[in-house]
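Okay, structure first, notes after.
Naming convention: chains lettered A, B, ... in sequence-line order (proteins, then strands); numbering from 1 in each chain. In what follows, every heavy atom counts, from backbone to side chain, and hydrogens, waters and symmetry copies are set aside.
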Protein chains: 2
Amino acid sequence: MPSEKTVERLSLYRYLLYGILADGERNVFSHELAGMAAVSPAQVRQDMMVLGYSGSPNQGYEVGKLIASITEFLDDAHGRNMALVGVGNLGRAILSNFAGQRSRLQIVAAFDVDWQIVNRMVHGCWCYPLDKLSGVMRDQDITVGIICVPPAAAQEVADALCEGGVRGILNFAPYRLQVPDHVYVSNLNITVALEKVAYFAHHSPVRLETPSREEAKV
Amino acid sequence: MPSEKTVERLSLYRYLLYGILADGERNVFSHELAGMAAVSPAQVRQDMMVLGYSGSPNQGYEVGKLIASITEFLDDAHGRNMALVGVGNLGRAILSNFAGQRSRLQIVAAFDVDWQIVNRMVHGCWCYPLDKLSGVMRDQDITVGIICVPPAAAQEVADALCEGGVRGILNFAPYRLQVPDHVYVSNLNITVALEKVAYFAHHSPVRLETPSREEAKV
DNA sequence: GTAACGCTGTTAGTATTTTCACGAAGACCA
DNA sequence: TGGTCTTCGTGAAAATACTAACAGCGTTAC
Ligand SMILES: NC(=O)c1ccc[n+]([C@@H]2O[C@H](COP(=O)([O-])OP(=O)(O)OC[C@H]3O[C@@H](n4cnc5c(N)ncnc54)[C@H](O)[C@@H]3O)[C@@H](O)[C@H]2O)c1
Ligand SMILES: NC(=O)c1ccc[n+]([C@@H]2O[C@H](COP(=O)([O-])OP(=O)(O)OC[C@H]3O[C@@H](n4cnc5c(N)ncnc54)[C@H](O)[C@@H]3O)[C@@H](O)[C@H]2O)c1
């Protein structure tokens, strides 16, 4: 049972490792990964402890093996099918971003109430009317939902997702959803993130999120 | 010097308080706000301690006064002008979201390298070619930047923003920027957020981010 | 073969963040 | 007016997250 932050970092490490692999590097040290991820080397090693995989002294970690370990840990075996609800500006941006990807996480269906949007492909993803949600979720074995609707509609959508058997929700609407206990919800509020930046930009303390001396990398 | 998390929560409280005000409520208790923000009442009271404002026992907090206190604390007096770089799918979504708003935080200019996009209005915001960045930043007193370009271009854009005198950056590209010490950077990685949700959806521990019994509210 | 080095795994220590618990004070009622 | 009830402010305790330190081992150099 790793913490939320550990899972986030593992996800980031994996992304960085793919970049390293593409560069032809076979091995990587904890301090290199740490530099790219803007964390301490000790943090990297600590995070690795939750994986079964160990690096070797003086050689660091084998990039391919490490990616495999993280993937096994995060997505254990099979990928996840996800649904996106609310094909507005933000919804379309997310669909476009995940369109090409053939990763273990796929957005396999989108939903909206707007008849102008519904019943056609959007960035490679079919867009259904909202009332088809439960049915499609069961048919396609969808277990994760992404909510990109206005706050006033968020609870209604969350209820529908739960009805369809969702296990996790990423919610972009500024509204705290009420869901059954077994459903995991994470809220991502872009406005709040911006206000935080504006605050620290002008009340700059010392420096909180810092890159580090290491060369940052794709 | 409040923590990052405290600033995030204050921003969220303020948003919630505007909703309460719109409902005609004059006062609010810590446990009510806590319910809406999915935190503990003690947390709310602790967060309030950084503001100068105190509530009164049995009456709770005066909504209007509390909003004013948070605003004074977060945006001290004058608003902030922001620039968005990278008017792609995500950039346009963010521009559309901040278009109508007349808040203290405004996106006053957008930038891109694509000649198809540049030199026209996008969701009410003028889009300049990237090489105008430094000049426009100085003219319009822009101190916060939002990076929505592909990761390979992120560092170049960050350098240009720093050149223009930026103090804070919200970075959506999956790349750790290297910037001078006095520039505050916050990274928001949507893919990582999604992977986290997928993980906890299927390795559901007990429940981490939870709403609560209180009635959630716009 | 062996000594020196460099990086990992791990544990113990430190710092930060959240929760708890309780004294004080305004409001309401009789 | 006195008593009760509710909620705030706050410092101390608990929980969490991060850092530092070191033992162990593979590698390399000689
Ligand atoms: N775009 C941003 O930068 C940004 C920033 C902060 C927060 N948000 C939040 O993200 C959410 C989406 O933002 P957006 O910019 O894409 O808004 P948008 O208005 O462009 O899109 C909303 C979409 O949801 C659809 N919709 C409305 N009610 C629905 C329902 N009941 N079921 C299904 N679909 C429904 C609409 O038809 C529309 O297509 C909003 O809650 C917004 O507050 C967005
Ligand atoms: N859209 C999402 O859901 C999502 C999710 C995760 C991460 N991201 C990240 O957010 C960023 C933007 O995503 P997007 O979907 O909007 O991509 P996009 O390709 O739609 O838009 C990128 C825009 O940046 C512009 N650009 C390229 N180089 C530039 C430069 N040097 N200077 C200025 N502008 C430049 C392009 O012309 C284009 O308009 C990317 O880094 C992406 O990885 C997006």
Side-chain angles (χ1 to χ4, degrees), chain A residues 1-13 17 20 25-63 65-66 69-70 73 196 200 205-210 212-214, chain B residues 1-13 17 20 25-63 65-66 69-70 73 196 200 205-210 212-214:
Chain A
M1 53 194 169
S3 72
E4 295 202 20
K5 296 205 168 179
T6 299
V7 171
E8 287 181 7
R9 283 190 299 262
L10 286 172
S11 167
L12 177 60
Y13 298 154
L17 288 166
I20 294 170
E25 296 288 334
R26 293 221 143 304
N27 289 73
V28 68
F29 297 129
S30 64
H31 66 265
E32 293 176 310
L33 211 46
M36 297 177 207
V39 300
S40 68
Q43 181 81 81
V44 171
R45 293 201 299 275
Q46 181 126 333
D47 288 336
M48 295 312 174
M49 285 179 67
V50 306
L51 311 172
Y53 177 68
S54 281
S56 41
N58 227 18
Q59 293 299 103
Y61 304 91
E62 258 184 80
V63 178
K65 293 268 182 67
L66 191 45
S69 293
I70 296 176
F73 181 81
K196 183 180 79 167
F200 285 109
V206 194
R207 196 76 193 310
L208 297 172
E209 247 174 272
T210 152
S212 67
R213 57 268 134 66
E214 268 308 315
Chain B
M1 52 192 168
S3 71
E4 295 201 20
K5 295 203 168 181
T6 300
V7 172
E8 287 181 7
R9 283 191 299 263
L10 285 173
S11 167
L12 177 60
Y13 298 155
L17 288 165
I20 294 170
E25 296 286 333
R26 293 218 143 308
N27 290 73
V28 67
F29 296 129
S30 62
H31 65 265
E32 294 176 311
L33 251 185
M36 296 176 208
V39 299
S40 69
Q43 180 83 80
V44 171
R45 293 202 298 276
Q46 183 107 324
D47 288 336
M48 295 312 172
M49 284 178 67
V50 305
L51 310 172
Y53 177 67
S54 281
S56 42
N58 223 19
Q59 294 299 104
Y61 303 91
E62 259 184 81
V63 179
K65 294 267 184 64
L66 192 45
S69 293
I70 295 176
F73 182 81
K196 183 180 79 167
F200 285 109
V206 195
R207 196 74 194 313
L208 295 171
E209 249 174 89
T210 151
S212 67
R213 55 272 136 64
E214 268 308 315

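The interatomic distance linking B/Q43 (CD) with D/dC8 (P) rounds to 15 Å, in whole Å. Distance, B/N27 CG to C/dA27 P: 10 Å, rounded to whole Å. Look at CG on A/L10: it is 14 Å from P on D/dA17, rounded to the nearest Å.
Position along DNA chain C of the nearest nucleotide to A/A42 versus A/P57 favours A/P57 as the more 5'-ward residue. Along DNA chain D, the nucleotide nearest to B/Q59 and the one nearest to A/Q59 differ in position, and the one closer to the 5' end is contacted by B/Q59.
Counting non-hydrogen atoms under 4.0 angstrom, B/M49 reaches a base of the nucleic acid. Within the nucleic acid shown, A/S54 comes within 4.0 Å of sugar-phosphate atoms alone, with no base atom in reach, counting heavy atoms only. Residue contacts shown for B/S30 are limited to sugar-phosphate atoms, with no base heavy atom under 4.0 Å away.
Relative to the side chain of A/N58, the nucleotides C/dT18, D/dC18, D/dG26 differ in distance, and D/dG26 lies closest. Among the nucleotides C/dT10, D/dC18, D/dC8, the one closest to any side-chain atom of A/R45 is C/dT10.
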For this session: Please assess A/E32 against A/I20 for the test side chain to side chain contact (heavy atoms under 4.5 Å, CB included), listing each intermediate value before the final yes or no.
Result: CA-CA 10 Å; A/E32 293 176 310; A/I20 294 170; over 6 Å; no
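Side chain of A/Y13 to main chain of A/M48: no donor-acceptor pair is present (N/O by atom type, distance under 3.5 Å, no hydrogens or angles). Side-chain atoms of A/N27 do not come within 3.5 Å of backbone N or O of A/G60 as any donor-acceptor pair.
Heavy atoms only, all atoms of each residue included: B/P2 and B/V50 are closest at CB-CG1, 4.5 Å.
Between B/Y53 and the phosphate of D/dG9, there is no side-chain N or O to OP1/OP2 separation shorter than 4.0 Å.
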